[in-house]
Colleague: 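Just passing along the structure, written as structure tokens.
Proteins get letters first, then strands, A, B, ... in listed order; numbering begins at 1 in each. All values below were derived from every heavy atom in this structure, side-chain atoms included, with hydrogens, water molecules and symmetry-related copies excluded.
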2 protein chains.
Amino acid sequence: MSLTTTQHIILPEPTLRRLPWYLAYIETLMARGEQHISSTGISKALNVDSSQIAKDLSFLNIKGKTRIGYNVSELAEALSAFLGFKQAHKACIFGTGSLGKALIRDKGLANYGLQIVGAFDVNPRVVGSCIEDVLVSDLSEINKVFETFEPVVAIITVPPDVAQEVADTAIKAGFKAIWNFTPYRVKVPENIVMANTSIYAHLALIYNRLKAN
Amino acid sequence: MSLTTTQHIILPEPTLRRLPWYLAYIETLMARGEQHISSTGISKALNVDSSQIAKDLSFLNIKGKTRIGYNVSELAEALSAFLGFKQAHKACIFGTGSLGKALIRDKGLANYGLQIVGAFDVNPRVVGSCIEDVLVSDLSEINKVFETFEPVVAIITVPPDVAQEVADTAIKAGFKAIWNFTPYRVKVPENIVMANTSIYAHLALIYNRLKAN
């Protein structure tokens, strides 16, 4: 099993959404002590077409055995490595309100390759304090923190009206990816990776569909 | 300005993603003391085609004035009401780990119409305690809690291997919507509203795109 040849592939977004579902399901199987799973088995459990699953898994260099299927621990290992979850990606939190704090405390993120090395705030009452092992620095210290840790991902959990400004500051300091948790639509240059986790948009979806039911 | 006639419209998902962006931007303008905004102005700020914005806003019964545009506070009010953010939607948290706790503490959610009325866990050390004003009950008490508060939205922040089981329990108790924060792909009956906030899928996207850059 060799993963190195496929690591650079730019995967389509829908595939990147589905692969973590497969991983979560397979980890559930592992916890139950199961040994093998077929793409038909994954298909039934997750309501995803089995040909789609075979296609998604074809990006990985892993083969299932006829009649037996995939070895669950090998498949979990391969998926996790392929998705980048086995490598540490250094990140800083911008804004240590309730969400920012929760992300620092969430041990789950470390299991998915995210290592939070620093945090920023502008509130003098929190600057200088630690959340878990993470020191909260004043935003004006960004260059110093960046040089020390060389972080890559800027996680934006500030109030929406300063989201753009803070993202701009992070990019200027050298961050290569912006993970935006605010409802504000942050704009970034083309060479910067951007992901939006739109909690409030999901609420809007839930409310709208509830009304229809 | 009448909103009642449009409240029942099932909006397309992309529209439901964009409308909260407009709202966040308009609230930023309000904070800056601005009075009016045109769809061209929103378009420039958010990189969304202005004809798309006009189309999205046509779902609301609000008209901009020629040359002046929309009154920002009226538009913010109308958008917020239209998206359901002005109404209280009762919710319970399932799983009071770091993310579950953070969602209870996040005052932001209340501004977006989400009222967390209860929480569940299976850990005897947290059952009976309060997080902010929210009592943590044992999952076996779900029917009692449901009868007391009549909540609608079940927010799933348990470990992924029990996500399906907990969602099934919530639906059986009478919850009408599942908001799934786990990477597990939860299945629900057709009459149940489902939203996934896939934090880990967004990490996979960030890592994949970083590799490509």
Colleague: Side chains of A:N47 and B:R185: does their closest heavy-atom pair fall under 4.5 Å?
Modeller: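 Side chain of A:N47 against side chain of B:R185, heavy atoms only: no contact under 4.5 Å found.
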
Colleague: Top residue by heavy-atom pair count (under 4.5 Å) with chain A, among B:H89, B:K101, B:Q164, B:K187?
Modeller: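 The option with the most such pairs is B:H89.
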
Colleague: If we define contacts as heavy-atom pairs under 4.5 Å, which of B:L23, B:L19, B:N191, B:L203 has the most with chain A?
Modeller: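 Among the listed options, the one with the most contacts to chain A is B:L203.
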
Colleague: Report the distance from atom CG of B:L205 to atom CD of A:E13, rounding to the nearest 0.5 Å.
Modeller: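 Separation between the atoms: 5.0 Å.
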
Colleague: Among A:I178, A:L16, A:D161, which has the most heavy-atom pairs under 4.5 Å with chain B?
Modeller: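 Max contact count across the listed options: A:L16.
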
Colleague: Classify the ring geometry between B:W179 and A:H202 as parallel (under 30°), tilted (30 to 60°) or perpendicular (over 60°).
Modeller: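 Perpendicular.
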
Colleague: Could you tell me which portion of B:N196 (side chain, backbone, both or neither) has an atom closer than 4.5 angstrom to a non-hydrogen atom of chain A?
Modeller: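 Contact with chain A involves the backbone of B:N196 alone.
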
Colleague: Non-hydrogen atoms of chain B under 4.5 Å away: do they reach the side chain of A:V153, the backbone, both or neither?
Modeller: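 Just its side chain gets close to chain B.
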
Colleague: Find the distance between CG (A:N208) and CZ (B:F59) and round it off to the nearest 0.5 Å.
Modeller: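 If I round to the nearest 0.5 Å, the distance is 9.5 Å.
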
Colleague: For B:V152, is it the side chain, the backbone, both, or neither that has a heavy atom closer than 4.5 Å to a heavy atom of chain A?
Modeller: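 The answer is the side chain of B:V152.
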
Colleague: What is the minimum heavy-atom distance between B:S98 and A:A102, and which atoms define it?
Modeller: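 Taking B:S98 first and A:A102 second, the nearest heavy atoms are O-CB, 4.0 Å.
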
Colleague: Taking atom NZ of A:K90 as the centre, does the number of heavy atoms from other residues, nucleotides or ligands within less than 6.0 Å exceed 12?
Modeller: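 It does: A:K90 NZ has more than 12 such atoms within range.
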
Colleague: Decide yes or no on side-chain contact (heavy atoms from CB on, under 4.5 Å) for B:Y184 and A:Y25, but give the supporting numbers first.
Modeller: CA-CA 6 Å; B:Y184 193 87; A:Y25 174 60; 3.5 Å; yes

Colleague: Is the A:Y207 ring parallel, tilted or perpendicular to the B:F85 ring (thresholds 30°, 60°)?
Modeller: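 A:Y207 and B:F85: perpendicular rings.
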
Colleague: Less than 4.5 Å apart, side chain to side chain, heavy atoms only: is that true for A:I199 and B:L109?
Modeller: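 Contact flag for A:I199/B:L109 side chains = yes.
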
Colleague: Counting heavy-atom pairs closer than 4.5 Å to chain A, which one of B:T28, B:T182, B:V48, B:N111 comes out on top?
Modeller: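 Counting heavy-atom pairs under 4.5 Å, the top option is B:T28.
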
Colleague: Using heavy-atom distances under 4.5 Å, tell me whether A:V162 contacts chain B through its side chain, its backbone, both, or neither.
Modeller: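 Neither part, no heavy atoms under 4.5 Å.
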
Colleague: If you tally heavy-atom pairs under 4.5 Å against chain A, which of B:L114, B:L99, B:V186, B:I192 wins?
Modeller: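 It is B:L114.
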
Colleague: Take atom CD of A:E132 as the centre, draw a 6.0 Å sphere, and report whether it contains more than 12 heavy atoms from other residues, nucleotides or ligands.
Modeller: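 More than 12 within 6.0 Å, yes.
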
Colleague: Of the listed residues (B:G113, B:A45, B:A204, B:G97), which shares the most heavy-atom pairs with chain A below a 4.5 Å separation?
Modeller: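 If we count pairs closer than 4.5 Å to chain A, B:A204 comes out on top.
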
Colleague: Do you know the tightest heavy-atom contact between A:R209 and B:I10?
Modeller: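 That closest heavy-atom pairing would be NH1-CG2, 3.5 Å.
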
